[in-house]
Amino acid sequence: MNILVTGGAGFIGSNFLYHILEAYPTYTVVNLDKLTYAGNLENLEGLKENTRHMFVKGDIANRNVVESILRDHAIDAIVNFAAESHVDRSIMGAAEFAQTNVVGTNVLLELAKELRLKKFVQVSTDEVYGSLGPEGLFTETTPLHPNSPYAATKAAADLLALAYHHTFSIPVVITRCSNNYGPFQFPEKLIPLMIANAMQEKPLPVYGDGLNVRDWLHVSDHCSAIDAVLHGGTAGEVYNIGGNSEKTNIELVKLLLKILGKSESLITFVKDRPGHDRRYAIDSNKIQKELGWTPAHTFERGIEETIMWYLRHQDWWQRIISGEYKEYYQKMYEGR
Ligand code: NAD
Ligand code: DAU
């Protein structure tokens, strides 16, 4: 199979490339990535010698670029990771979110229709369902209720994808996953941000009362779920993916500090994120029953391995946080 993976220089996309190229020795993958602030070619160092991986710098919203790749490489399937992915940045300004997440996805769908691709996996998120109270889980039939600009653009892309399936029979499948953690996550996100700050003895900024709940899944388990959906998912269907591992933010931050041997006095409660979703939790029964997927990592093992990875790869995140990230961090956190 020849696959176009978009956003493969980011966190989940790069992990997926390692997964798919190792799992399927005959597959070739073209990786189209715009290299925004979140795209990092260092994530792909381990693929330098792999002739079945081709990197193309470009924008998914650029029809000509995407069309040439699809034709020149006889692409069978698209796995669309490319997105603006950070909720806080979408609150600062959402134009790029609408452009990439909605317009860009539409370009891919349009070309999938014209070139009759065999599969289109739209990598979406549990955030499209909005926020839960203390009880209950998101299922695939939970109504969409996106609350942040980021989530709204992801929901729009999901609806477009489903409409292309309904109207043109494009073999679209959608995955909606909970919060990922693991290697190569950009340090604006909770876990790597807290690890990097703790390592530098800097304050750990916990939003609001710290009691918001997220369900955590190791990125390699998300990748195996996308693999299952790419190969076995039914066109027109949505598959929820979760880790069955709910944690309040404060509980998680305290656990990170404990494993790192750092003091809880580094924790600083800061002004809450506007519109902050209280709780996400996922019912993954459908993918488990229909496609036989189960996560391989327990949270306890996964988080220890992840912390060790960030300790061993300090040069990776130090290079990021010493660049334009500094400016972002100042804008987002100073005086908060
Ligand atoms: P990320 O921000 O780490 O990576 C996004 C990648 O997309 C970057 O390499 C960036 O350069 C690229 N990109 C952005 N705009 C582009 C464009 N116009 N054209 C081509 N490339 C572009 O994001 P991530 O955390 O790896 O998330 C990947 C996908 O998974 C996203 O669609 C996100 O919505 C979804 N998702 C993420 C999580 C999570 O916990 N991180 C959970 C569920 C779903
Ligand atoms: O649920 C899936 C989603 O998970 C993905 O669709 C998004 O792309 C991904 O970014 C993530 O969104 P969140 O907003 O849940 O992740 P983030 O790491 O930004 O925040 C996790 C929780 O931690 C959230 O409740 C906000 C809180 N937080 C975050 C940061 C960055 C803090 O308390 N302090 C912080 O500095």
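What's counted below: heavy atoms across the whole structure, side chains too, no hydrogens, waters or symmetry copies.
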Using atom types as modelled and distance alone, determine if a side-chain donor or acceptor of T153 lies under 3.5 Å from a backbone N or O of V102.
-> no

Can a salt bridge be assigned to the pair E290 and K286 using a cut-off of 4.0 Å between side-chain N and carboxylate O?
-> no

Is the closest side-chain heavy-atom distance between V173 and F120 below 4.5 Å?
-> no

For the residue pair V87 and S148, what are the closest heavy atoms and their distance?
-> CG1-CB, 3.8 Å

Verify the neighbour count for atom CZ of R116: are there more than 12 heavy atoms of other residues, nucleotides or ligands below 6.0 Å?
-> no

Determine, using the 4.5 Å side-chain heavy-atom cutoff (strictly less than), whether W216 and I241 are members of one ILVMFWY cluster.
-> yes

With K202 as the cation and Y333 as the aromatic partner, state whether NZ or CZ is under 6.0 Å from the six-membered ring centre and within 45° of the axis.
-> no

Inspect the surroundings of NE2 in H276 and state if more than 12 heavy atoms from other residues, nucleotides or ligands are less than 6.0 Å away.
-> yes

Would you check if the side chain of H165 reaches a backbone N or O of I170 as a donor-acceptor pair within less than 3.5 Å?
-> yes

Looking only at heavy atoms, which two atoms of A23 and P25 are closest? And how far apart?
-> O-CD, 3.5 Å

Tell me, please, whether Y325 has R319 positioned over its six-membered ring: NZ or CZ under 6.0 Å from the ring centre and within 45 degrees of its axis?
-> no

Measure centre to centre between the rings of Y181 and H218, then say whether the value is under 6.0 Å.
-> yes

In Å, rounded to the nearest 0.5 Å, how long is the span from CG of L111 to OG of S68?
-> 9.5 Å

Pair E45 + K48: basic N to acidic O under 4.0 Å | yes

Can you see which heavy atom on D277 is nearest to which on N212, and at what distance?
-> O-ND2, 2.9 Å

Which pair of heavy atoms, one from Y239 and one from L291, lies closest together, and at what distance?
-> CE2-CD1, 3.9 Å

Co-membership, hydrophobic cluster, residues Y18 and V79, 4.5 Å side-chain = yes

Heavy-atom count around N244 CG within 6.0 Å, excluding the residue itself: above 12?
-> no

Sub-3.5 Å donor-acceptor pair from the side chain of T139 to the main-chain atoms of D283, do we have one?
-> no

Sub-3.5 Å donor-acceptor pair from the side chain of T248 to the main-chain atoms of V213, do we have one?
-> no

Ignoring hydrogens and geometry, is there a side-chain-to-backbone donor-acceptor pair from Y329 to E324 under 3.5 Å?
-> no

Quick check: does any side chain N or O of R278 sit under 3.5 Å from a backbone N or O of S131, one acting as donor and the other as acceptor?
-> no

Cation over ring face, K189 and F11, 6.0 Å, 45° = no

Are Y27 and H231 an aromatic pair by the rule of ring centers under 6.0 Å?
-> yes

Residue pair Y328 / H86, side-chain donor-acceptor N/O under 3.5 Å = yes

Do we see a donor-acceptor contact under 3.5 Å between the side chains of D221 and W293?
-> no

Is there a donor-acceptor contact under 3.5 Å from the side chain of S14 to the main chain of L44?
-> no

Polar side-chain atom of D215 near backbone of G243 as donor-acceptor pair, under 3.5 Å | yes

Of all the heavy-atom pairs spanning N240 and I287, show the shortest one and how long it is.
-> O-CG2, 3.3 Å

Other residues, nucleotides, ligands: >12 heavy atoms within 6.0 Å of H313 NE2 = yes

Counting only heavy atoms not in E135, do more than 12 sit closer than 6.0 Å to its CD atom?
-> no

Would you find a donor on one side and an acceptor on the other, under 3.5 Å apart, between the side chain of N197 and the backbone of P203?
-> yes

Side-chain heavy atoms under 4.5 angstrom apart, residues restricted to Ile, Leu, Val, Met, Phe, Trp, Tyr: same cluster for F184 and L35?
-> yes

For A155 against L144, the heavy-atom pair lying closest together = CB-CD1, 4.2 Å

Classify the side-chain pair N101/Y150 by whether it contains a donor and acceptor separated by less than 3.5 Å.
-> no

Do the rings of F16 and H19 sit parallel, tilted or perpendicular, given the 30° and 60° boundaries?
-> parallel

Step through the shown structure and confirm whether more than 12 heavy atoms of other residues, nucleotides or ligands are within 6.0 Å of CD on E96.
-> no

Just checking, any donor-acceptor pair under 3.5 angstrom between side chains of N31 and D33?
-> no

Answer yes if I320 and I12 sit in the same cluster of Ile, Leu, Val, Met, Phe, Trp and Tyr residues linked by side chain heavy atoms under 4.5 Å apart, and no otherwise.
-> yes

Any side-chain donor near an acceptor of the partner, S178 and D126, under 3.5 Å = no

Charged N-O contact under 4.0 Å between E140 and R176 = no

Is it true that M1 and L4 fall in one hydrophobic cluster, defined by side-chain heavy atoms closer than 4.5 Å?
-> no

Honestly, is R89 close enough over F97, meaning NZ or CZ under 6.0 Å from the six-membered ring centre and within 45° of the axis?
-> no

